[in-house]
Amino acid sequence: MVGTKFDEFIQLPIDLQWTIASQARTYAKALNATLFFSSASYNINVNKIFKFVTAKLFDLPWTVERNLTIGEPLIDF
């Protein structure tokens, strides 16, 4: 599950960021999906998403570090 427009998300008030991030994490957990917040315009997490998908598709070993810090691009699994 990919959340896009991180560059716009980061400009929102912190309480709204918290609400959006919490809802996104809830949906990702319900879908048993990995959550990435990304921005193609600023190349935020784009390479990590590509590597993650490639590793899953071809059953390759690859790990990504979890980031749950509000105000930063989230990665949750």
Worksheet item: How long is the gap from CD1 on Ile44 to NZ on Lys5, to the nearest 0.5 Å?
Response: 11.5 Å
Worksheet item: Which residues pass the side chain to side chain contact (heavy atoms under 4.5 Å, CB included) test with Asn43, sequence neighbours left out?
Response: Val46, Asn47
Worksheet item: What pairs of residues pass the ring-ring contact (aromatic ring centres under 6.0 Å, His included) test when at least one of them lies in residues 49-73, not counting sequence neighbours?
Response: Phe36-Phe52
Worksheet item: Side-chain heavy atoms under 4.5 angstrom apart, residues restricted to Ile, Leu, Val, Met, Phe, Trp, Tyr: same cluster for Trp18 and Leu68?
Response: no
Response to the item:
Ser38 and Ile49 have their tightest heavy-atom pair at CB-CD1, 3.7 Å
Fill in: Residue pairs passing the salt bridge (Lys or Arg N to Asp or Glu O under 4.0 Å) test where at least one lies in residues 53-74, sequence neighbours excluded
Arg66-Asp76
Fill in: Shortest non-hydrogen contact between Asp7 and Ser39, atoms and distance
OD1-OG, 2.9 Å
Item to complete: Mark yes when over 12 heavy atoms from residues, nucleotides or ligands other than Phe77 sit less than 6.0 Å from its CZ; otherwise mark no.
Response: yes
Response to the item:
Contacts of Pro61 meeting side chain to side chain contact (heavy atoms under 4.5 Å, CB included) (sequence neighbours excluded), chain-then-number -> none
Practice prompt. List for me each residue that meets ring-ring contact (aromatic ring centres under 6.0 Å, His included) alongside Phe9, sequence neighbours excluded, and say none if there are none.
Written response: Phe6, Phe37
Worksheet entry | Residue list, side chain to side chain contact (heavy atoms under 4.5 Å, CB included) with Leu16, at least two apart or on another chain | Leu12, Pro13, Ile20
Worksheet item: So, for Pro73 and Asn67, which heavy atoms are closest and what is the spacing to 0.1 Å?
Response: O-ND2, 3.2 Å
